[in-house]
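All figures in this text were calculated on a predicted structure; none of them were measured in a lab.
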Amino acid sequence: MHDNPAESRSATAARRLPGRTAAGVGAVLVVALTAAWGLTTRSEPAAHADATAGRAPGGGAATSEATPEGADESGTPDGRRFTPFDTRYPAIARLDKRLLKAVQQAARDARDDGIEFRVTSGWRSKEHQQRLLDEGIEKYGSAEKARQFVNTPQKSTHVSGKAVDIGPTDADDWLIRNGSDYGLCQVYNNEMWHFELLTRPGGTCPAPLSNAAG
């Protein structure tokens, strides 16, 4: 009895199908693994971009109006010291805009000289300023002596956002020498860290007062 040619071809195809199916599955797996590897590789720069997307020019955090959890009435969480670019914190964000712009520009230029600015105190609430004054009175024994270092909430330029305290000492020294280029001036002889906008950029700073009491 002779085989039917059509049936023979069907049987042959059936016998070959498992091998072809396995090869097809293997090819699909290779393509899938290659795509997954490529996705992982491409994700590394994307992850870095995501991590740095919230940074502002100059290396600081991007501006946000939200007050971070744990910030006290001065806008300073846990006594942290800021850069002038940490504008997501009220202590920086609520500074006078002209003052903040001048300090940020000075910070950029100081960095070129290897000096890093830290804002040790910026904007303060009235409640925080009063607490500092009360602590000063307790420390120095009288309001008169305390006023040489801490102003009242009504007179404090920190409360109005028009003063900023800068550290460390090398940053203070740099800003005392160069601050007038930005309009920034040391205000008190007994506080080398306290600066305000007291002249035009490139102008001459007035002579510092003896202390905060005037």
Next on the checklist: Could you list the cluster mates of Y140? Members are the ILVMFWY residues connected by side-chain heavy atoms closer than 4.5 Å, either directly or through other members.
Outcome noted: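 Members besides Y140, by chain and number: L132, L133, I137, F149, V150.
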
Which value, rounded to the nearest 0.5 Å, describes the distance between [X] atom [atom1] and [Y] atom [atom2]?
X: H158; Y: S156; atom1: NE2; atom2: OG; result: 5.5 Å
X: R94; Y: T87; atom1: CZ; atom2: OG1; result: 13.0 Å
X: T157; Y: L197; atom1: OG1; atom2: CG; result: 11.0 Å
X: I166; Y: W174; atom1: CD1; atom2: CH2; result: 11.0 Å
X: W123; Y: Y89; atom1: CH2; atom2: OH; result: 15.0 Å
X: S160; Y: K126; atom1: OG; atom2: NZ; result: 10.5 Å

Checklist entry - When you look at R108 and D112, which way does the salt bridge (charged side-chain N to carboxylate O under 4.0 Å, His left out) test go after all the steps? => result CA-CA 7 Å; R108 292 187 185 98; D112 292 339; over 6 Å; no

Next on the checklist: Between E135 and R131, does the salt bridge (charged side-chain N to carboxylate O under 4.0 Å, His left out) criterion hold? Intermediate values first, please.
Outcome noted: CA-CA 6 Å; E135 291 173 353; R131 179 163 61 83; 3.4 Å; yes

Shortest non-hydrogen contact between [X] and [Y], atoms and distance:
X: D86; Y: T83; value: OD2-N, 3.0 Å
X: E116; Y: P168; value: O-CD, 3.6 Å
X: A163; Y: L99; value: N-CD2, 3.5 Å
X: A171; Y: G167; value: CB-O, 3.5 Å

Item to check | Qualifying salt bridge (charged side-chain N to carboxylate O under 4.0 Å, His left out) pairs, either residue in residues 163-172, two or more places apart | outcome: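 Every pair satisfying salt bridge (charged side-chain N to carboxylate O under 4.0 Å, His left out) with a residue in residues 163-172: R124-D165.
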
Next on the checklist: Does anything in residues 96-106 form a salt bridge (charged side-chain N to carboxylate O under 4.0 Å, His left out)? List the pairs, not counting sequence neighbours.
Outcome noted: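 Checked against salt bridge (charged side-chain N to carboxylate O under 4.0 Å, His left out) - neighbours excluded - the pairs reaching residues 96-106 are D96-K162.
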
Checklist entry - Linking I/L/V/M/F/W/Y whenever their side-chain heavy atoms sit closer than 4.5 Å, directly or via other members, would V187 and F195 fall into one cluster? => result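 No, separate clusters.
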
Next on the checklist: Is there a path of hydrophobic side-chain contacts, each under 4.5 Å between heavy atoms, that joins L95 and L198?
Outcome noted: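 They do not share one cluster, since no chain of ILVMFWY contacts under 4.5 Å joins L95 to L198.
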
Between side-chain atoms of residues 179-186 and protein atoms elsewhere (two or more places apart, or another chain), which donor-acceptor pairs fall under 3.5 Å?
| residue | atom | partner | partner atom | Å |
| --- | --- | --- | --- | --- |
| Y182 | OH | D109 | OD2 | 2.6 |
| Q186 | NE2 | Y188 | O | 3.0 |

Checklist entry - Which pairs with one or both residues in residues 111-162 pass disulfide bond (SG atoms under 2.5 Å apart), sequence neighbours excluded? => result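 Sorted pair list comes back empty.
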
Checklist entry - Residues two or more places apart in sequence or in another chain: which of them pass side chain to side chain donor-acceptor pair (under 3.5 Å) with R147? => result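 Applying side chain to side chain donor-acceptor pair (under 3.5 Å) to R147 gives N151.
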
